Structure formats: C-alpha cells, structure tokens
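Computed from a prediction, not measured in an experiment: that's the story for all the values here. Atom set for the values below is all heavy atoms of this structure, side chains included, hydrogens, waters and symmetry mates excluded.
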Amino acid sequence: MTKREVSRILARASKEEAAETASIVYERCRVQIMKQPQKTLVMVKARESIKKSLFYLGEVLASECMVLVDGVKGAGMIAGDDFEKAVAAAVIDGFLNLEGRQDEKKVILDRLLMLENRQAEKRAELNLAVQKSKVNFNVMGE
C-alpha cells in the first residue's frame with residue numbers, strides 16, 4: 001500500500017477510526033512528538049480542463065504534526081482543524097516507515113484495508129441513493 005493510499009484512507013476515516021488504528025502502534029512502540037500539532041494553510045492546485053495547465057485554486061486549512069516512532073520520523077497532515085487525527089496519521093506514518101516488522105505492519109495495513117472497504121461500501125450506498133433521485137431530462141421533454 002502506497003503512502004498516497006494510506007493518506008486517502010486516513011483522510012476519509014473518522015477521528016475515532018484513526019485513533020484506534022494509531023493505538024495499535026502506541027502499544028508496540030515508543031512515540032515522541034517532535035512538532036506539536038498545529039494549524040497551517042496549504043495551497044490547493046487544480047488542473048484547468050481545456051489547456052490542462054495548473055493553477056492555484058486557493059488555500060485550505062490543515063492540521064499537521066511530526067512524531068518519532070522508535071526513532072523513525074512520521075508526518076501527518078489532515079485537511080481541517082483536527083489535531084487528534086493529524087497525530088494519529090503521523091504515528092501511523094512513522095510506524096510504516098520503520099525497517100522490518102513486517103508482521104506488525106501487516107496488522108496496521110489490514111486495519112487500513114478494512115477501513116477502505118467500509119468507506120467504499122458507504123460511498124456505494126450514497127451513490128445508489130443519489131441515483132434514485134437523478135432526473136432524466138430526456139424523458140421529461142417527451
């Protein structure tokens with residue numbers, strides 16, 4: 001699982017789900033906070049659809065944190081004002097950056113896969129509900 005996938009899953013996860021996943025790391029490792037969670041602004045890039053050129057859409061409030069997990073650096077950044085989730089993301093990142101420990105990493109990765117599957121199910125339910133209310137304008141014109 002890539003860092004991008006882990007970040008996507010954690011961004012969509014609830015604060016409680018992220019904290020539960022990070023608690024597995026707290027049980028197995030020594031965690032030190034290097035940089036306390038804090039608010040920051042992040043520029044958001046977007047790609048224009050005609051010429052495919054990049055431009056900056058604007059700034060988004062984010063929470064960031066940096067930790068050491070058994071001496072290995074981990075960083076977390078989450079959109080919004082959620083320090084607990086940023087710390088949990090940093091702890092998980094630091095743990096996944098550790099050398100070795102494949103069996104322990106598998107526990108975290110399995111948990112992340114479970115969260116991803118739950119998120120996909122919720123999205124499918126939402127899409128189904130939205131499709132029920134979709135208006136077919138071609139039918140209305142007849």
Restricting to side-chain contact (heavy atoms from CB on, under 4.5 Å), what partner residues turn up for [X], sequence neighbours left out?
X      : answer
Arg47  : Lys52, Leu54
Glu99  : none
Glu116 : Arg8, Ile9, Leu113
Ser133 : none

Check ion pair Arg111-Glu17 (N to O, under 4.0 angstrom): no
Test item: [X] and [Y] side chains (from C-beta on) under 4.5 Å apart, heavy atoms:
X      : Y     : value
Leu112 : Val6  : yes
Leu115 : Glu20 : no
Ile24  : Tyr26 : no

For [X], all residues meeting side chain to side chain donor-acceptor pair (under 3.5 Å), sequence neighbours excluded:
X     : result
Arg12 : none
Glu59 : none
Arg30 : Gln32

Only pairs under 3.5 Å count here: list side-chain donor-acceptor contacts from residues 122-130, not counting sequence neighbours, and write none if there are none.
from: Asn127; atom 1: ND2; to: Arg123; atom 2: O; distance (Å): 3.4

Among residues at least two apart in sequence or on other chains, which ones pass salt bridge (Lys or Arg N to Asp or Glu O under 4.0 Å) with Asp103?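 With sequence neighbours excluded, Asp103 shows a salt bridge (Lys or Arg N to Asp or Glu O under 4.0 Å) to no residue whatsoever.
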Contacts of Glu84 meeting salt bridge (Lys or Arg N to Asp or Glu O under 4.0 Å) (sequence neighbours excluded), chain-then-number -> none
Determine, stepwise, if the pair Glu16 / Thr21 fulfils side chain to side chain contact (heavy atoms under 4.5 Å, CB included). CA-CA 9 Å; Glu16 292 77 19; Thr21 305; over 6 Å; no
Nearest heavy-atom neighbours spanning Ala18 and Lys85: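 For Ala18 versus Lys85, the nearest heavy atoms are CB-CG, 4.1 Å.
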Donor-acceptor pairs under 3.5 Å, side chain of residues 86-98 to any protein atom, not counting sequence neighbours: which ones?
from: Asp93; atom 1: OD1; to: Lys3; atom 2: NZ; distance (Å): 2.6
from: Asp93; atom 1: OD2; to: Ala75; atom 2: N; distance (Å): 2.9
from: Asp93; atom 1: OD2; to: Asn97; atom 2: ND2; distance (Å): 3.3
from: Asn97; atom 1: OD1; to: Lys3; atom 2: NZ; distance (Å): 2.8
from: Asn97; atom 1: ND2; to: Lys73; atom 2: O; distance (Å): 3.0
from: Asn97; atom 1: ND2; to: Asp93; atom 2: O; distance (Å): 3.2

Check: residues 34-45 side-chain donor-acceptor pairs under 3.5 Å, at least two apart:
from: Lys35; atom 1: NZ; to: Glu64; atom 2: OE2; distance (Å): 3.2
from: Gln38; atom 1: NE2; to: Glu64; atom 2: OE2; distance (Å): 3.2

